[in-house]
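Position 1 is the first residue of the sequence, and the numbers go up from there.
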Amino acid sequence: MDPLDHELQNPNEIISHSAPADLSRQINGCMEHVSFPPLSRFAVCGGTHGNEMTGVYVVREMKKKNVDKVGRVSVMTVLSNPEAVHLCRRYVETDLNRCFTDALLSAPLTASSPHEMKRAHELNALLGPKGSQQAVNLLCDIHNTTANMGVCFIFYHFDWLALHIYRYVQSKISFGPVRAIQFHTPLPEAYSLESVSQNGFALEVGPQPTGVVRADIYNMTTETLDLIMEWIEKFNSGTVFEGGDVEAFSQTRALDYPRDPTTDEITAAIHPQLQDNDFKLLRAGDPIFQSFTGEAVKYEGEEAYPFFVNECAYYEKKVAFQLAQKITIRLPSISVKN
């Protein structure tokens with residue numbers, strides 16, 4: 001599928017590439033004001049991956065401080081996969097953050113169902129059900145990456161509320177940069193935890209090794225969370241958030257490591273010039289891998305922006321890094337319904 005097909009179906013969105021001119025597309029439309037019901041339930045989740053420690057400690061601290069209300073909004077703090085957290089492993093049997101498709105959530109459970117599938121059904125009952133008006137209004141699922149990505153909001157679709165929150169955080173944060181990543185998965189096929197909510201996003205923060213908590217990464221996360229809750233209070237109090245443009249990265253494809261055709265073992269590592277350079281423009285001819293015998297493997301393809309570079313959890317998924325194009329999203333003004 002063309003990565004923009006889903007978004008271009010909406011004539012009220014203006015999306016433009018920063019890619020070469022022959023690839024650029026733009027749709028012009030009149031952006032109307034959009035109003036939403038007040039937000040009443042906000043879920044903060046951590047430990048969806050049991051060895052990504054920032055979310056684990058954020059949730060634990062919020063529970064200790066009895067943070068269960070922001071103004072008129074009920075705040076739920078959820079440790080998503082307690083057994084994996086106890087083991088300090090990404091998951092027990094299968095990746096919980098791949099268990100929230102409609103098909104998997106509607107499939108009957110058996111005694112032999114993986115632990116994470118059972119937990120996904122529990123979380124869907126607690127925070128959803130997915131696709132329903134009973135689901136929590138807003139969900140933030142906190143993750144860590146070993147890649148040098150800073151703070152990233154990750155979305156499946158153009159969620160005006162979530163994108164306005166991203167824009168607000170981006171304008172107020174004391175560190176930088178803050179970025180948005182757009183994946184192109186229809187909601188029924190969306191597989192991660194935030195998809196069970198009415199509005200939601202994953203908050204990906206790094207670099208941080210698995211099984212480790214870093215104070216700087218923790219502070220970045222808690223400051224972001226404080227700003228999210230500040231935005232919620234302003235929104236519910238009647239603040240009108242004006243429309244405008246935001247920059248995002250639209251995922252296009254993933255690249256695997258070079259592999260031995262016989263053993264399937266990798267034969268190269270991320271090249272030093274690419275390592276830690278997430279979101280730096282990648283051009284044809286730039287080195288992306290260095291073989292274990294010293295040769296550089298060069299990038300072939302259109303200009304793109306790499307991210308999740310050398311993410312340790314993606315070795316098992318055969319992903320060395322993801323690629324994206326830079327896009328501009330035009331937001332409508334929004335406010336709470338009177």
Side-chain angles (χ1 to χ4, degrees), residues 3 19 48-55 84 87-91 94-98 142-152 154 176-183 191-192 202-218 220-221 249-326:
T48 301
H49 293 134
N51 57 4
E52 296 178 3
M53 303 310 294
T54 298
L87 296 170
C88 198
R89 284 166 42 182
R90 183 173 174 86
Y91 52 79
T94 191
D95 191 338
L96 176 60
N97 215 38
R98 299 298 184 271
I142 301 170
H143 288 260
N144 290 124
T145 175
T146 60
N148 186 29
M149 288 170 54
V151 172
C152 293
I154 299 181
V178 178
R179 301 181 177 94
I181 299 170
Q182 176 74 33
F183 282 87
Y191 46 72
S192 54
L203 193 65
E204 192 80 52
V205 193
Q208 181 169 281
T210 58
V212 168
V213 61
R214 284 177 45 160
D216 56 344
I217 299 299
Y218 182 89
M220 290 162 66
T221 305
F249 292 87
S250 174
Q251 189 265 358
T252 54
R253 63 189 177 113
L255 289 185
D256 189 12
Y257 295 89
R259 293 183 180 271
D260 185 297
T262 303
T263 65
D264 203 37
E265 293 179 355
I266 66 171
T267 58
I270 296 292
H271 195 279
Q273 290 186 32
L274 177 57
Q275 182 63 51
D276 299 326
N277 281 314
D278 298 70
F279 301 106
K280 182 179 179 181
L281 184 63
L282 189 63
R283 297 180 173 90
D286 288 345
I288 54 174
F289 299 110
Q290 181 176 291
S291 75
F292 297 131
T293 54
E295 295 86 5
V297 178
K298 296 183 178 180
Y299 174 65
E300 298 177 0
E302 65 184 30
E303 291 183 356
Y305 294 85
F307 65 100
F308 279 126
V309 175
N310 207 12
E311 162 58 46
C312 75
Y314 286 175
Y315 277 72
E316 69 178 26
K317 301 181 190 301
K318 295 190 173 182
V319 173
F321 55 91
Q322 301 271 3
L323 290 173
Q325 291 182 319
K326 193 182 290 187

So, taking the atom named OH in Y257 and the one named CD1 in I288, what distance separates them when rounded to the nearest 0.5 Å?
11.0 Å

Specify the closest pair of heavy atoms between C312 and T210, including all atoms of both residues, with the distance to one decimal.
SG-CG2, 3.7 Å

So how far is it from N277 CG to L282 CG, rounded to the nearest 0.5 Å?
10.0 Å

Which pair of heavy atoms, one from M149 and one from I181, lies closest together, and at what distance?
CE-CD1, 3.7 Å

All heavy atoms of H143 vs all of A202, minimum pair found to be CD2-CB, 4.2 Å

Could you check whether any side-chain heavy atom of F279 comes within less than 4.5 Å of a side-chain heavy atom of F249, counting everything from C-beta outward?
yes

Decide yes or no for L203 and T221: does some side-chain heavy atom of the first lie under 4.5 Å from some side-chain heavy atom of the second?
yes

Applying side-chain contact (heavy atoms from CB on, under 4.5 Å), run through D264 and K318 and close with a yes or a no.
CA-CA 10 Å; D264 203 37; K318 295 190 173 182; 2.5 Å; yes

With sequence neighbours excluded, residues passing ring-ring contact (aromatic ring centres under 6.0 Å, His included) with Y91
none

Quick check: do I266 and Y315 have side-chain heavy atoms less than 4.5 Å from each other?
yes

Heavy atoms of I217 and Q208 approach each other most closely as CB-OE1, 3.5 Å

Indicate yes or no: at least one non-hydrogen side-chain atom of D95 is less than 4.5 angstrom from one of R90.
yes

Should the pair F289 and F321 be assigned to parallel (<30°), tilted (30 to 60°) or perpendicular (>60°) ring geometry?
tilted

Reported CD1-to-CD distance for the pair I270 and Q290, which is rounded to 0.5 angstrom
11.0 Å

For A304 and Y299, work out which heavy atoms get closest and say how close.
CB-OH, 3.9 Å

Point-to-point distance, once rounded to the nearest 0.5 Å, from CD of E300 to CG of D286:
12.0 Å

V205 vs T54 side-chain heavy atoms within contact, under 4.5 Å:
no

May I ask you to test the F183-S192 pair for a side-chain heavy-atom distance under 4.5 Å?
no

Tell me whether Q182 contacts the main-chain N or O of S250 through its side chain, where contact means a donor paired with an acceptor under 3.5 Å.
no

Got a donor-acceptor contact below 3.5 angstrom from the D278 side chain to the F308 backbone?
yes

Of the non-hydrogen atoms in A268 and S291, which two are nearest, and what is the gap between them?
CB-CA, 3.5 Å

With sequence neighbours excluded, residues passing side chain to side chain contact (heavy atoms under 4.5 Å, CB included) with D276:
N148

Report yes or no: does E311 contribute a side-chain atom to a donor-acceptor pair with the main-chain N or O of T146 at less than 3.5 Å?
yes

As an exercise, state the distance from CD of E52 to CD of E204, rounded to the nearest 0.5 Å.
6.0 Å

Once you round to the nearest 0.5 Å, how far does NE2 of H49 lie from CZ of R89?
13.0 Å

Just by distance, with hydrogens left out, do Q275 and N310 show a side-chain donor and acceptor under 3.5 Å apart?
yes

E316, CD: over 12 other non-hydrogen atoms inside 6.0 angstrom
yes

Do other residues, nucleotides or ligands put more than 12 heavy atoms under 6.0 Å from the NZ atom of K298?
no

Heavy-atom side-chain proximity of T252 to Y305 below 4.5 angstrom:
no

